[in-house]
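This report concerns only the one structure given below.
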There are 2 protein chains.
Amino acid sequence: MGEIQRPGALYQQVAAEIRKAITAGEFPPGAALPSESQLIARYGVSRPTVRNAVAALRAEGLVEVVHGKGSFVRFTAQPQLTVDRRITQDRSGRFTAADGAQWDHVEEPAVQRTQTTTATAAALEVEEGEALFACDRLLSDPATGTRVLHRTLIPFATAEGTDLADAPDSEPVVVYGVLAEAGHALTWTETVQARMPLPDERATLQIPDATPILHTLRITHGNDHQPLLLEEFRVSADRAQLTYRINADKPATRRRSRA
Amino acid sequence: MGEIQRPGALYQQVAAEIRKAITAGEFPPGAALPSESQLIARYGVSRPTVRNAVAALRAEGLVEVVHGKGSFVRFTAQPQLTVDRRITQDRSGRFTAADGAQWDHVEEPAVQRTQTTTATAAALEVEEGEALFACDRLLSDPATGTRVLHRTLIPFATAEGTDLADAPDSEPVVVYGVLAEAGHALTWTETVQARMPLPDERATLQIPDATPILHTLRITHGNDHQPLLLEEFRVSADRAQLTYRINADKPATRRRSRA
DNA sequence: ACTCAATACTCGTCATGACGAGTGACGTCA
DNA sequence: TGACGTCACTCGTCATGACGAGTATTGAGT
């Protein structure tokens, strides 16, 4: 696997040979590597050694193995989908997500009533165990098939007295609209992490070997920077990348103050 | 390895048992797992099976193995370091990175003269092969020891006629200042990707098993949204997370236009 | 009391052998 | 001609055995 070994290890040498052959063009992307028995013959080593070498290449994301068929050189995966994380608001006050994608719903949104965990309670600045709506969506980009797991957490305190109490499964941009109607000046904070997927995430997001997921938390802040809403966003990192727009913040104390 | 197998596989069952024991608290974070021979006795399986099971847990990032010592439960790695990607500009026009960290230089900045590759040329919207300065830094956060690889690419066209031609290894915020002095209104675009590290990145960034890296490209835009400068930012994803501030974009056509 | 070598543990590597499971092609039979 | 079973090939799993390499403890010798 990935640990740093002395390069003298036989399987490391075999892995290096195969890697060289791949980069030299002997095995272009998509091509089948020699089968295990052929590699055994070619390098004069035993099967565990060959399997160990292939496992190393697989862990690097260079090679993909299919049971019953063989090993194949993976296409160098530059993410095809760029998700623009900007938010725009038109003159009528409607919010729009800047990523152009029109996401398909793979499944119907599923709403639950749950409670905050330690992590989400901290992010929302509420007591642990606070009641909230959780709405899960499994989305798909029709152009690339890229899947996205999206979860919206709406604390009861936020939903109370708004349309959200009746329709907690509204689209996020609609939720923003409702909160803005309620008199909030909205800003957002996003936190981006990457980690290896859990087994169930691998399945639902169709994540290949040696591929991390991008895990994003978006907190919607209202007046006084009060956290109102938390969204979670998970996507396979070989399919998607995130873009952000940064503008220079001016210090708070300014001559020209608005309003 | 990570592939989806029938759960009936013996090593999967063993892995599940160990996983359960860990989450049940029998082996708290930092504790040593039973040795391979003990696991062989405990579950009545052979060594390859035990090793396969431990390898699966390692790939999940749940367990860390040290040669000659044993296997240990990894501390649930919530990134300790949050890197704030905002940029602020004070009244005198000086730029500041919003991440509070005072980065130490592990090595002196290394400047090279190189040419754009396909990827960087596209990002900078110039011809491939264009000449540029490349300045590499290996930084370290003194509080957590988190290492960051940072690279600044300054096209000759940008450096020309400014102080950057003589000091291409200036701190990024200083570079921003120089460009602003030259009459540019700066904005930035960041693209975040995650992927598994290359072997040399594993070494220099001290990245543990089953840990991806966060790979960020920051493009500095000048007047007319013209790309001036490209920065690259690589960090171990188990140590750091990135935060962004999002404000709603208003449509361009507005009554109140700023001079 | 200290040094350092022997030792007993740990995991890492490699070989051999066997069988199960998935895939695809080929050939037989209806 | 078509359906379907056989077969050869792939990788996946599991066991046994052996030795190398790293770590820590123990204990003998100084």
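FYI, side chains are in, hydrogens and waters are out, and symmetry mates aren't considered; it's all heavy atoms of this structure. Numbers restart at 1 for each chain; the letters A, B, ... are given by sequence-line order, proteins then strands.
Sorted by first then second residue, the salt bridge (Lys or Arg N to Asp or Glu O under 4.0 Å) pairs that include residues 17-31 of chain B, not counting sequence neighbours, are R19(B)-E60(B), E26(B)-R42(B).
Nearest nucleotide to the H67(A) side chain, out of dC14(C), dC11(D), dT13(D): dC11(D). Here dA18(D) is the nucleotide among dA15(D), dA18(D), dA15(C) with the atom lying nearest to any side-chain atom of R47(B). Among dC11(C), dT16(D), dG12(C), the nucleotide with an atom closest to any side-chain atom of S46(B) is dT16(D). For R58(A), taking side-chain heavy atoms from C-beta onward, the closest of the listed nucleotides dC14(D), dT13(C), dG12(D) is dG12(D).
Here T211(B) pairs with R74(B) under the side chain to side chain donor-acceptor pair (under 3.5 Å) rule; sequence neighbours left out. In this structure Y43(A) satisfies the ring-ring contact (aromatic ring centres under 6.0 Å, His included) test with no other residue, sequence neighbours excluded. Residues forming a ring-ring contact (aromatic ring centres under 6.0 Å, His included) with W188(B) (at least two apart in sequence, or on another chain): F95(B), Y176(B). Partners of F233(B) by ring-ring contact (aromatic ring centres under 6.0 Å, His included), not counting sequence neighbours: none found.
We find that CZ of R51(A) is positioned 11 Å from C1' of dC14(D), with the value rounded to whole Å.
As judged by a 4.0 angstrom heavy-atom cut-off over every strand, V54(A) is placed among residues making no nucleic acid contact.
Of the side-chain N and O atoms in S71(B), none sit less than 4.0 angstrom from OP1 or OP2 of dT10(C). Listed pair T49(B) / dT13(D) fails the phosphate criterion, with no side-chain N or O lying under 4.0 Å from OP1 or OP2. OP1 or OP2 of dG24(C) has at least one side-chain nitrogen or oxygen of K69(A) nearer than 4.0 Å.
Side-chain contact annotation: Q241(B) with T82(B), donor-acceptor N/O pair under 3.5 Å present.
When each of V65(A) and P48(A) is assigned the nucleotide of DNA chain D bearing its nearest heavy atom, the one mapping closer to the 5' terminus is V65(A).
For the helix from dA1(C)-dT30(D) to dA30(C)-dT1(D), the end axes, each set by the C1' atoms of five terminal pairs, are bent relative to each other by 10° (nearest 10°).
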